[in-house]
Peer 1: 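One structure, as structure tokens, below. Some questions next.
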Amino acid sequence: MVLRKLLATTVALAAIIVFGSWGSAGAQMGPGMMSGYGYQTLTPEKQAAAQKIYGAYYSQTSALRQQLIAKQYELNALIYGGKADDKKVQELTAEVGQLRSKLYEAQVGLQRQLAKEDIPFMGGMHGGGMYGGGMSGGGMMGPGMGMY
């Protein structure tokens, strides 16, 4: 029982450290980050604008994404680590929901900025990568973690 909790805590902390460092990488996007086919068809000016908009989005949401990952892992550790305290599970579930809501609002803001610049929203930047389809649906992030 103690070993199971220790293992769950260790895994959660390791994941926070790893994903936390990945989360800050989005703010340091280089030219290779915008290499999807849809972006290759944009003018260099539009590509630069898109990179600036996405860079700002990742910088602004980095802390939220890290908090979401940490809360999700804390929730998973609580659920799978033995006897889960129902009240704590409910609290964490509410916190995860609030963080997801904030991130969704930020995503809508991102889409609005892109639309103003006449730049198509491509899920590949964050919809198909680390926070997208690549690790969602039961992958490392757990179910439902892949929409940001």
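Note that these values count all heavy atoms, side chains included, but never hydrogens, waters or copies made by symmetry.
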Peer 1: To the nearest 0.5 Å, how far apart are OH in Tyr54 and CZ in Phe121?
Peer 2: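 Atom-to-atom, Tyr54:OH and Phe121:CZ are 5.0 Å apart.
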
Peer 1: Would you indicate whether the side-chain heavy atoms of Ile79 and Leu75 approach each other to under 4.5 Å?
Peer 2: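 Yes, close enough: below the 4.5 Å cut-off.
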
Peer 1: Hey, could you give me the CD/CD distance between Gln72 and Gln67, rounded to the nearest 0.5 Å?
Peer 2: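 Rounded to the nearest 0.5 Å, the CD-CD separation comes to 14.0 Å.
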
Peer 1: Are a donor atom and an acceptor atom from the side chains of Asp86 and Gln90 found within less than 3.5 Å of each other?
Peer 2: no

Peer 1: Taking atom types as modelled and ignoring hydrogens, do the side chains of Gln47 and Thr43 form a donor-acceptor contact shorter than 3.5 angstrom?
Peer 2: no

Peer 1: Return the set of residues passing side-chain contact (heavy atoms from CB on, under 4.5 Å) with Ala84 (not counting sequence neighbours), or none when no residue passes.
Peer 2: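 Once residues adjacent in sequence are excluded, the partners of Ala84 under the side-chain contact (heavy atoms from CB on, under 4.5 Å) criterion are Leu78, Val89.
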
Peer 1: To the nearest 0.5 Å, tell me how far Ile53 CD1 sits from Lys46 NZ.
Peer 2: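 Between Ile53 CD1 and Lys46 NZ, I get 9.0 Å after rounding to 0.5 Å.
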
Peer 1: Tell me which donor-acceptor pairs under 3.5 Å the side chains of residues 108-119 have, and how far apart each pair is, sequence neighbours excluded?
Peer 2:
none

Peer 1: State the CD-CZ distance between Glu105 and Arg100, to the nearest 0.5 angstrom.
Peer 2: 15.0 Å

Peer 1: Got Thr61 and Tyr57 here, is their nearest side-chain heavy-atom distance under 4.5 Å?
Peer 2: yes

Peer 1: According to salt bridge (Lys or Arg N to Asp or Glu O under 4.0 Å), who are the partners of Lys88, at least two apart in sequence or on a separate chain?
Peer 2: Glu74

Peer 1: In Å and rounded to the nearest 0.5 Å, what is the CG to OG distance from Leu64 to Ser101?
Peer 2: 10.5 Å

